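Only one structure is covered here, and it is reproduced in the block below.
Naming convention: chains lettered A, B, ... in sequence-line order (proteins, then strands); numbering from 1 in each chain. On a predicted model such as this, the values are computed, not experimentally measured, just so you know.
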Amino acid sequence: MNAKERMKIPRQAMPEQDPKVRSRNFDEVPYGYTAELAKKEALRCLNCPRPFCVEGCPVEIDIPAFINLIADGDFVGAAKKIKEKNALPAICGRVCPQEIQCEQRCVRGKKGEPVAIGRLERFAADYERSQGEVEIPEIAGPTGKKVAIVGSGPAGLTVAGDLVKLGHDVTIFEALHKPGGVLVYGIPEFRLPKDIVASEIDYLKRMGVKIETSYVIGKTSTIDELFQEGYDAIFLGVGAGLPVFMGIPGENLNGVYSANEYLTRANLMKAYLFPEYDTPIVKGRNVAVIGGGNVAMDSARTALRLGADNVYLVYRRSEKEMPARLEEIHHAKEEGINFQLLTNPKRYIGDDKGWVVGIECLRMELGEPDESGRRRPVPIEGSEFVLDVDTVVVAIGTRANPLVQATTPGLELNKWGYIVADEETGKTSREGVFAGGDIVTGSATVILAMGAGRKAARAIHEYLMDKK
Amino acid sequence: MASKLIEKRQLSENVFQMVFEAAKIARKRRAGQFVVIRIHEQGERIPLTIADADPMRGTITIVFQRVGKTTYHLSMLEVGDEVMDIVGPMGKPTNIEKVGTVACIGGGVGVAPVYPITEAMKAAGNYVISIIGARDKGLVIMEDEMRSVSDELIVATDDGSYGFHGFVSQALEEEVIKKGKHVDQAVAIGPVPMMKAVCDTTRKYDIPTIVSLNSIMVDATGMCGACRVSVGGKTRFVCVDGPEFDGHQVDFKQLIDRQRIYLEQERLSLERYLETLRKEGRGS
């Protein structure tokens, strides 16, 4: 097919559940491409001599190559091509912000819509998995070097996959009872089914990665003890920590959650299946979610699925400034989330039993740009009004978790408590200790954590091979 | 990681003592710390204070009262059974130093977490006056253990069926403070109303008082904030900032409210569980 014909093919939509139906179940929203749709979409790729899309990918996937394989109908081959660079394609195909990475750089986006790279990645990974046990890649002979990875989120899993392939003896230590980090406790089932995470982790295990769950570094063992036990290098990918609250009155009322708690109960602990599962969650009828990021969207859509009549999304700026992905905002709106934009909570109102019954809010207007470059929201005097709610989920970010840092002398931290690590190598101030992901950058995305993991893995490999 | 139950003892009608294999935790734990237990795949995560540990044997001891489904389920385990996960030791250890005379006060099942602190306070060279209490004589637990690590031991029962007639807070005031014994520090662990009552008493006499809070937790690693509590007007996380705080600064009213968030669901869950036991002919 020539370029002109390829140019004529429109971007293929991905079939998904009807908003009315899906807003009451936890099943995944999109069904994914069929083989036919995938091939058609793959034909839209022009095979640019200099593929800008690859430059936009934090883990440098050979995008045109895998798309070509899909166009040729070699779907398993496409999955293998992706896995040369990315051990977790079914996850990335679902949760990467492609619109600001690979797809943003796609030439087809200049006049029209970019190739749906994320959907194709997801298709290839899902297809391979549907064909039975996924074949594992070739593993180099043992190097005799032991690596400990702290945290089994996207950063840790990437480092583990890269290093085990190179022949190192890799053990992941995970504080929670299930591996996956934010992929299992944070991102909801309807956006990232947990059996997909489990099978990607199983793939790493079959490559030889060992995982110790319910093992808290900083408590059960310290970094220094890991070195004493014979680990040659350690990667810290412990992720985000303490939830941030605004510091306004009433935040400790019953029914006021951090997004971390709300989502952990719903996702990791499966509270939406209570009482089949033992962990309860407050199933509010009128729920307000505070914030405008992906976590806020996930919380709002979770509240809806838990049976809420009204879910408000309270955000202090306008929709344009929302940090959430467009797709998430679009899905949330489709499902009927009520956006209260340019609105900020002033205080939470409680009843005599300590339960939240309302939020006093202020309307805002946008003033001059602030240090983030976005226009600063300014309260409109006298604009107070009360939103009647019985549940609130505060999704305005997290701070650094202190557990590892508190027991690791000599580990340099920045003023917010995040670990100082070299951007290119993940090297910290302690010899043999590397770090990446949210514990270095603060709250970011799955793929950025994976990108940091990729770089750190490279540096750890060099460090191990140079040592002695 | 999974952990095997190797000893089980019923201390009173609803209070159980269990010894689990947990070598790493046994080696690391210090007085005041806790573990999080999840019994089975569908289980919730609950925090329980480590009452004792044997690093040589690689075991930890927990003492708990069955109140809801999870603690009831735990109480039904038999020696040789496993729980799916035990993780720890979590929380900050008690700050143990020689201050002079320390009053170690435990109410109900709270005697269990007070025990390791009492032992450590005594070992640090303090003169230890312990007060343990319960509703009635049958509910007093760990009396011999507490006696063995205290210079003086007072037992109090609400109904007067054993020892001092009244609450532990009253025993502290009547039997210790008013008898002219100077107390440099108090440690109080038990039901929230009991800790509050002790703090109200010690505040009058300017006795610094540590309390250990048992708020609801999920991950217990500082990630979720379920356990938050107001201390001195500031929000603190019991799991990573505690579990021990200055009792005179704690907002007990809020703590009580927050412990009741899931009352309705907890009742439902327990009823369902007891119904299953009845069907299996295993009720107790």
Among [options], single out the residue with the greatest number of heavy-atom pairs under 4.5 Å to chain A.
options                                  : value
Gln265(B), Lys69(B), Lys24(B), Arg228(B) : Arg228(B)
Ser269(B), Gly68(B), Gly225(B), Pro89(B) : Pro89(B)
Arg29(B), Lys253(B), Lys234(B), Met90(B) : Met90(B)

Which is it for Val240(B) and Leu242(A) under the side-chain contact (heavy atoms from CB on, under 4.5 Å) test, yes or no, and what are the steps along the way? CA-CA 10 Å; Val240(B) 290; Leu242(A) 314 165; 4.1 Å; yes

By the ring pair (Phe, Tyr, Trp, His ring centres under 6.0 Å) test, which pairs, at least two apart or in different chains, include something from residues 15-41 of chain B? Phe16(B)-Phe64(B), His40(B)-His73(B)

Nearest heavy-atom neighbours spanning Asp85(B) and Ser214(A): OD1-OG, 3.1 Å

Checking heavy atoms, do the side chain of [X], its backbone, both or neither come under 4.5 Å from chain B?
X         : result
Glu251(A) : backbone
Leu403(A) : side chain
Leu253(A) : backbone

When you measure from the side chain of [X] to the backbone of [Y], do you find a donor-acceptor pair of N or O atoms at a distance under 3.5 Å?
X         : Y         : answer
Asn252(A) : Gln254(B) : no
Thr220(A) : Gly88(B)  : yes
Arg260(B) : Lys353(A) : no

Start with the C-alpha gap between Lys28(B) and Thr222(A), add the side-chain angles, then the distance that decides, and say whether side-chain contact (heavy atoms from CB on, under 4.5 Å) holds. CA-CA 10 Å; Lys28(B) 289 290 282 211; Thr222(A) 62; 3.8 Å; yes

Let's test your reading of the structure: which of Val282(A), Thr398(A), Leu273(A) forms the most heavy-atom pairs below 4.5 Å with chain B? Val282(A)

Just so I understand: if I count every heavy-atom pair under 4.5 Å between each of Gly241(A), Gly354(A), Pro243(A) and chain B, which residue has the most? Pro243(A)

Give, as side chain, backbone, both or neither, the part of [X] having an atom under 4.5 angstrom from any heavy atom of chain A.
X         : value
Val229(B) : backbone
Thr221(B) : both
Leu268(B) : side chain
Ile216(B) : side chain
Ile86(B)  : backbone

Checking heavy-atom separations under 4.5 Å from chain A, one finds in residues 43-54 of chain B Gly43(B), Glu44(B), Arg45(B)

Give the intermediate values and the outcome of side-chain contact (heavy atoms from CB on, under 4.5 Å) for residues Asp278(A) and Tyr273(B). CA-CA 10 Å; Asp278(A) 293 339; Tyr273(B) 180 69; over 6 Å; no

Crowded around Arg285(A) CZ? As in, over 12 foreign heavy atoms under 6.0 Å? no

Return yes when atom NZ of Lys8(B) has more than 12 non-hydrogen atoms of other residues, nucleotides or ligands closer than 6.0 Å, and no otherwise. yes

Would you compute the distance between atom NZ of Lys219(A) and atom CD of Gln33(B) and round it to the nearest 0.5 angstrom? 5.5 Å

Just how far is it from atom CG of Asn254(A) to atom CD1 of Ile261(B), taken to the nearest 0.5 Å? 4.0 Å

Applying side-chain contact (heavy atoms from CB on, under 4.5 Å) to Glu41(B) and not counting sequence neighbours gives Lys178(A), Arg38(B), Met84(B)

Who in residues 256-269 of chain A is close to chain B, using a strict under-4.5 Å heavy-atom cut-off? Val256(A), Tyr257(A), Ser258(A), Asn260(A), Glu261(A), Thr264(A), Arg265(A), Met269(A)

